[in-house]
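Chain naming here is simple, since letters A, B, ... match the order of the sequence lines and numbering starts at 1 in each.
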Amino acid sequence: MEIAQKHPTHRYRTHTCHELRADNAKGTVKLSGWVHHRRDHGGVVFVDLRDHFGLTQVVLDPKVLPEAEKLRSEWVIQIEGTVQLRPEGQANPAMATGDIEVIASTLVIHNSSETPPFEIESHGGDVAEELRLEYRYLDLRREVMQNNLKLRHRIMQWSRSYFDAKGFLEIETPMLVKGTPEGSREYLVPSRLHPGEMYVLPQSPQQMKQLLMVSGFDKYVQFARCFRDEDQRGDRQPEFTQLDMEMSFVSQEDVMAVLEDWALGVTKAAVPHKTLQQEIIPVMTWDEAMDAYGSDKPDIRFDMRIQEATPLLSNLGIVFLDNALAEGAVIKALVVPGGAGFPRSVIDGYVELAQKNKAKGLSWLAFDDNGMRGSIAKFVDEPTAEKIKETLKVSQGDAVFFVAEQWENAVSCLGALRLDLAKRLNLLDNNLLAYLWVTEFPLFEKGDDGSLGASHHPFTRPLEEHIDLLETDKLAARSYTYDLVLNGVEIGGGSVRIHEQTLQKRVFELLGMKEEEIQQRFGHILKAFSYGVPPHAGCAMGIDRLVMLFADQPTIREVIAFPKNQKARDLMFGAPTPMPLSALHEANIEIYEHLD
RNA sequence: GGAGCAGUAGCUCAAUUGGUUAGAGCACCACACUGUCACUGUGGAGGUUGCGGGUUCGAGUCCCGUCUGUUCCGCCA
């Protein structure tokens, strides 16, 4: 595993700082690394020497090695010396090499170091991420960051072997491509040779991998770097890595089977200390997920399902509920375990949160030993209360939140509350990994301007039995889609693709595209599709997010060596930067000031 | 694009209603110390309170502007 040079005559080291044990006592060794800690006792100097592999205590006698007194944090040194068992009672069980120490006979200072802007292993508060990113090369010296990138490597290597063994071919696709039809903004790359024209960086190799299926490669996989010029989040970066794959002559079940095998396998290989909630990944349709969890990526580590409450609260004389129902709303309920004990300010906070999530309001009832109270308590008589408690399975001490809205708004609002409550009630166990398939997403979705858009991408295949709906009730049409969700995070998603020209054209038309636009945007792929397309399906998995969850990190920036900040800026290099006029000129770019 | 929050020593933070010379811990420097392991002890240095303007007898604190960072929404699979 360890790649250190261990030859006894090697110039820099015979061992790493992690491997010496009691068995090595009396041996002569060479070690190189960074001064992690220095403890100068006058007559003896202790140095914890650090390399990629670990720490070893080195003992230096300043009478023999006067330079030992000059050593400071992060200096790079090399020592030669004798391994010795630590004196009786001096072993450090917290250290892997804590049974031994190296008595230095020679000391070479390869490099001194400025005092770092922050301590490599800080024991106080967290250092601002801004500063960490500015000095990323120092930040990456920290053990947690070294471990994050090691874990990332392990996941990628394991996956490569896995797909290789399954007969997948890794094929590289270009970074300079033509604009793709997916929704997000693209990074533009001006062409020097073709003034006024641009490449874009790929949002994903979607079209390329489908064309590889047309070419007959059967099974394709790639660790693909993807680019999106959108605003950042904790789980979003302008460039990120997808495990991209595509297969020919397969059904949805075939693809899901491969991915399930991969996901469970990589989990056991990379994070054996974590617990899988289920050894088989449960499957839920989009409609079921939305209805029960108010999310297309439910966190099923805890239950707290959203329930139907329309019959329970209808016709109780609650005017605003009856009015909502008359307008086609439904009433959905969320039972909050122990919620009756919440102070009023917390309840008010949830009312506010509900309003932020497209609900006009939040009704609530709380049941405890003092009886029932809540915003609609005066409308609920004893028998109705009993019926509510029985139907929704409310225990004494619980509260129930109700939202009356159109179905999708109602459930997604309660879904947002559900996640917030889980944090408050401490229901989220990071050592538990709960995978979930969400399938049969809507084929189309309505944009804010009322226009129809593809909810996945326009190559997604409608369910066989829903093809008729394309002509009658487009929004009801569901598709052969499957998202893999882990602990409420979308790890990846894919679909069965459309391989028939007529159906593909119809979908484009339904999306409101004229023949001219279809040809201009998708002409190249439609042309390819006229030469014999195999049925095919595939998916893309977000490796950054997977590593983030496996490593218990709060953002994907913690598992990317050199990430951008929230404004897509590289704080270490300072990119992006203004370019000299000559470079702009050569790239055929002219910069105009904003006029508006 | 919108909203919130933050910016004080190298780092993490404090500074009461606007009131003395802006403090602490860690880090740093010097000296002492042969068994520490987040060594210890003594001493020391370190600040244009992001920047610009305003109110005031007086501003780290209040107001306006601006820059930077950050979180959420919009956007984005």
Side-chain angles (χ1 to χ4, degrees), chain A residues 36-50 55-64 68-70 72-74 84 86-95 97-98 101 103 113-135 138-139 182-186 203-204 206 226-238 240 242 296-297 353 356-358 416 420 438 441 445 447-448 453-457 460 481-485 489-495 539-542 545 554-555 557 565-569 571 596:
Chain A
H36 188 62
H37 270 121
R38 156 193 70 108
R39 294 176 294 279
D40 184 348
H41 287 247
V44 61
V45 177
F46 298 98
V47 164
D48 291 337
L49 193 64
R50 184 191 74 234
L55 289 170
T56 299
Q57 174 164 285
V58 177
V59 184
L60 304 104
D61 180 349
K63 288 195 290 292
V64 182
E69 289 183 326
K70 296 200 293 191
R72 292 295 183 271
S73 283
E74 302 306 313
Q84 175 178 293
R86 295 209 190 171
E88 192 67 29
Q90 299 280 336
N92 183 350
M95 237 171 142
T97 60
E101 59 196 2
I103 312 298
S113 168
E114 295 288 326
T115 302
F118 51 86
E119 293 165 65
I120 301 303
E121 291 299 323
S122 86
H123 300 278
D126 286 343
V127 177
E129 193 178 11
E130 179 187 3
L131 193 73
R132 292 176 50 206
L133 290 177
E134 185 182 345
Y135 294 93
L138 297 181
D139 187 42
E182 286 170 88
S184 88
R185 205 172 286 138
E186 293 161 324
Q203 303 175 52
S204 88
Q206 180 63 35
C226 304
F227 302 87
R228 291 184 185 150
D229 187 6
E230 297 290 350
D231 287 356
Q232 309 309 304
R233 288 283 189 281
D235 58 358
R236 273 192 243 154
Q237 278 276 295
F240 57 99
Q242 286 193 339
D296 58 4
K297 43 179 197 291
L353 185 60
K356 268 188 204 158
N357 282 280
K358 297 183 184 171
D420 195 275
V438 178
F441 280 63
E445 61 190 9
D448 291 334
S455 63
H456 193 66
H457 56 61
T460 304
T481 37
Y482 33 93
D483 272 13
L484 185 59
V485 176
V489 175
E490 183 199 332
I491 291 298
S495 61
C539 88
M541 294 285 150
R545 289 181 183 176
T555 75
R557 297 189 293 272
N565 76 353
Q566 191 138 55
K567 293 254 162 67
R569 201 172 266 291
L571 294 176
D596 45 7

Side-chain donor/acceptor contact of [X] with base of [N] under 3.5 Å:
X       : N      : value
R72(A)  : C29(B) : no
E101(A) : G35(B) : yes
N92(A)  : C37(B) : yes
N565(A) : G69(B) : no
E130(A) : U70(B) : no
R236(A) : C76(B) : yes

Whole-Å distance separating the [atom1] atom of [X] from the [atom2] atom of [N]:
X       : N      : atom1 : atom2 : result
H41(A)  : U36(B) : NE2   : P     : 7 Å
I120(A) : G10(B) : CD1   : P     : 18 Å
D229(A) : C75(B) : CG    : P     : 16 Å
E74(A)  : G10(B) : CD    : C1'   : 14 Å
R557(A) : G69(B) : CZ    : P     : 12 Å
M95(A)  : A38(B) : CE    : C1'   : 13 Å
E134(A) : G10(B) : CD    : P     : 13 Å
Y135(A) : A27(B) : OH    : P     : 19 Å

Open item on the list: Measuring only the P atom in each nucleotide, how far is A3(B) from A9(B)? A whole number of Å is fine.
Closed with: 29 Å
Open item on the list: OP1 or OP2 of U36(B) versus the side-chain N and O atoms of Q90(A): is any pair under 4.0 Å?
Closed with: yes
Open item on the list: Taking 4.0 Å as the cut-off, does a side-chain nitrogen or oxygen of R233(A) come that near to OP1 or OP2 on C73(B)?
Closed with: yes
Open item on the list: Mind checking if A128(A) touches a base, just sugar-phosphate, or nothing, with heavy atoms under 4.0 Å?
Closed with: sugar-phosphate
TODO: Looking at every strand, decide which applies to P87(A) at a 4.0 Å heavy-atom threshold: base, sugar-phosphate, or nothing.
DONE: base
Open item on the list: Please pick, from C75(B), C26(B), U36(B), the nucleotide with the shortest atom-to-atom distance to any side-chain atom of E119(A).
Closed with: C26(B)
Task: Nearest-neighbour nucleotide for the R38(A) side chain, C26(B), C29(B), C76(B) considered - done: C29(B)
Open item on the list: Using the rule given for side chain to side chain contact (heavy atoms under 4.5 Å, CB included), can you reason through D296(A) versus D483(A), listing the C-alpha separation, both sets of side-chain angles and the distance that settles it, and then say yes or no?
Closed with: CA-CA 9 Å; D296(A) 58 4; D483(A) 272 13; 5.5 Å; no
